Amino acid sequence: MKRTHHCNELRPAHIGQTATLSGWVHSRRDLGGLIFIDIRDREGRTQTVFDPSDLPKEIFERAASLRSECVVAITGKVRQRPAGTNNVKIATGEVEVAVRALEVLNMADVLPFPVDDPELASKVNEELRLQYRYLDLRRPEMARNIRLRSQVATATRVFMEEQGFLEVETPVLFKSTPEGAREFLVPNRREPGTFYALPQSPQQFKQILMVGGVERYYQLARCFRDEDQRADRQLEFTQIDILGEDIVTPFTRITFEEALNRYGADKPDTRFGMELADFTEEFRSSGFKVFSGAVAAGGVVKALNAKGLAGATQGQIETMTEYAKSFGAKGLAYIKVEGGEWKSPIMKFFNDVEKAALTKKLGIEEGDLILFAADQWLTACEILGKIRLYCAGVLKGQGKLTIAPNRFDFLWVVDFPLLSFDKEQNRWYSSHHPFTAPVAEDIQFLTSDPKKVRGQHYDIVVNGTELGGGSIRIHQPDVQKTVFEQVLQISPEETKLRFGYLLEAFRYGAPPHGGIALGFDRLIAILCGTPSIRDVIAFPKTAKGTDLMTNSPAPVTPKQLRDLHLELKAAKKE
RNA sequence: GGGGGUGUAGCUCAAUUGGUUAGAGCGCUGCCCUGUCACGGCAGAGGUUACGGGUUCGAGCCCCGCCACUCCCGCCA
């Protein structure tokens with residue numbers, strides 16, 4: 001029995017035709033003298049009817065023994081449903097198939113969790129869903145995500161090819177690079193003590209492709225980073241990786257500095273206001289020593305107005321304070337504007353001029369909650385940035401802030417600092433990656449005043465999520481050498497060992513080039529409206545990097561270790 | 001590495017704050033049922049309260065440890 005139609009296909013126009021459907025038993029409704037079975041495939045579902053007056057007894061009895069998720073094929077006549085029994089919830093709800101023949105392709109055990117009821121299934125523990133991922137993937141929600149992912153991948157490829165980009169696959173077995181994320185290593189059987197590394201991104205190969213004359217490259221590339229996971233971070237993930245000439249930017253641009261000043265984040269969510277305001281000058285000589293002291297130490301005073309949050313309980317204020325402290329704040333000063341007066345433990349320190357400045361800049365009204373941070377510029381901005389998002393969450397929960405679900409605020413963040421300083425290791429490191437070109441007029445400061453150097457780097461942000469980033473690459477070997485050796489303090493020997501091939505490639509005619517990488521999983525998650533990229537990856541890993549379905553990672557045999565010239569120092573904990 | 005949350009029947013949850021035999025809905029099993037689509041009715045089975053200790057006359061509940069999942073900080077060029 002070969003399927004003639006899929007389960008979302010039959011309509012009144014098919015009435016009278018003979019059809020064969022195959023798929024899973026979605027649900028069985030056994031009325032005793034009559035059995036309805038909904039058959040589901042990935043396209044949808046169709047009701048079939050088993051009527052004993054019309055069927056051999058044997059078939060009817062077999063239908064009665066079926067349970068959810070058995071795999072069957074049926075043949076029968078498509079007919080109109082009796083008046084008043086249409087099912088408006090499904091697309092095939094006007095017709096049904098009167099079964100003549102049934103083939104049971106496979107029985108199914110009782111399921112560990114329901115897949116037929118979207119409401120129940122969506123609440124099932126994710127641990128269980130991951131363990132039985134194949135069942136989870138049958139749920140319409142997951143099936144839709146996986147399909148959308150496939151469609152977006154195809155659309156991407158069609159678009160890129162039209163624009164003259166070539167998809168080139170780059171090796172997964174690559175070489176370890178000292179900068180950047182922790183890598184996965186692959187021991188080399190052929191030469192003891194040598195290793196491949198899985199790429200954190202196809203970065204270096206794609207630059208080589210530029211030198212190789214590809215001109216416009218893209219790839220849906222798998223990347224690997226052995227770092228701790230988040231809802232939007234997996235050990236292995238997919239990037240839409242692009243390299244070519246300067247990328248056109250149709251979206252709003254905002255500088256890194258402005259993004260921090262206004263939103264307290266380098267990936268601002270601009271779908272709502274509540275912007276930060278600066279009060280450094282106003283409090284420079286304030287009687288409130290916490291503020292004036294921070295300014296004297298070279299810091300700033302920032303504030304934000306959480307409109308309508310004056311009703312926050314002491315507990316909520318406490319929670320916010322703890323939250324702020326977890327980001328390095330020393331405390332969280334606040335003012336509640338309630339009943340026509342300003343209520344705050346620090347009210348007594350403010351004079352009228354300061355109050356007037358606050359009222360003016362923050363547009364303070366009855367019912368507002370004002371929150372302060374006084375610290376070094378970056379710290380103060382980031383703390384209030386986190387508090388801003390927290391407050392937005394609370395206001396959303398109270399229905400005081402609504403954001404249209406189909407609103408996507410895309411923007412470019414530009415003028416990032418090229419370098420950041422690592423206090424622990426006492427050295428500079430690349431904010432983005434070591435191949436990012438400095439802004440031309442800043443190159444002179446590379447060795448004398450590294451913090452002043454801006455990178456030709458841009459992040460693409462949507463709704464507060466970093467979707468991707470790109471940069472104009474260094475294509476002059478001398479600048480690249482300076483970055484490696486003098487700024488990042490990688491020794492000439494190490495540089496030659498790790499990046500020699502790249503520096504050499506640049507000597508043979510390297511065109512200027514820029515690239516961008518978009519987090520494909522994050523993009524799909526945003527399009528699917530889910531907060532976790534696990535929902536758009538067919539087989540994701542848990543927060544600890546395990547695969548609950550296959551139980552990986554797992555030990556290997558002593559022989560495998562011997563072949564790889566490896567010896568274990570610590571055995572697996574039992 | 002650190003902080004928070006969760007873990008009770010196959011699933012989703014409850015258990016009056018330490019007190020009788022740990023309950024409900026769904027699912028499952030059996031019987032009944034010819035127009036259901038969350039079918040319905042009757043009956044029934046099903047529990048190492050994640051795991052290991054401890055306190056107590058008595059622990060799902062308190063304490064210590066441990067495991068798993070999850071959210072966040074660090075980390076993620």
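All figures in this text were calculated on a predicted structure; none of them were measured in a lab. All chains are named by letter (A, B, ...) in the order of the sequence lines, taking the proteins before the strands, and each is independently numbered beginning at 1.
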Parallel, tilted or perpendicular, as decided by the 30° and 60° cut-offs, for the rings of F484(A) and F499(A): parallel

From the set U12(B), U36(B), G35(B), return the single nucleotide nearest to any side-chain atom of R29(A). U36(B)

Is a salt bridge present between D228(A) and R233(A), judged by a nitrogen-to-oxygen distance below 4.0 Å? no

Rounded to whole angstroms, how far apart are CD on E127(A) and P on U12(B)? 10 Å

Need one value for P112(A): base, sugar-phosphate or nothing, where a base atom within 4.0 Å counts as base even if backbone is also close, heavy atoms only. sugar-phosphate

Aromatic rings Y323(A) and Y390(A): how do their planes relate, parallel, tilted or perpendicular, breaks at 30° and 60°? tilted

When you measure from the side-chain N and O atoms of K386(A) to the phosphate of C73(B), is any distance below 4.0 Å, counting only OP1 and OP2? yes

Across every strand shown, the nucleotide meeting Watson-Crick or G-U wobble geometry with A24(B) (both distances under 3.5 Å) is U12(B)

In the structure I gave you, are the side-chain heavy atoms of S431(A) and F416(A) within less than 4.5 Å of one another anywhere? no

Any R534(A) side-chain nitrogen or oxygen under 4.0 Å from OP1 or OP2 of C71(B): yes

Between T85(A) and L111(A), just flag the one whose closest nucleotide in RNA chain B comes earlier from the 5' side. L111(A)

Could you identify the nucleotide paired to U6(B), looking across every strand shown and requiring Watson-Crick or G-U wobble geometry with both distances under 3.5 Å? A68(B)

What does R28(A) touch in the nucleic acid at a heavy-atom separation under 4.0 angstrom: a base, only the sugar-phosphate, or nothing? nothing

To the nearest angstrom, how far is R129(A) atom CZ from U12(B) atom P? 11 Å

Quick check for you: among U36(B), C76(B), C28(B), whose closest atom lies nearest to any side-chain atom of F36(A)? U36(B)

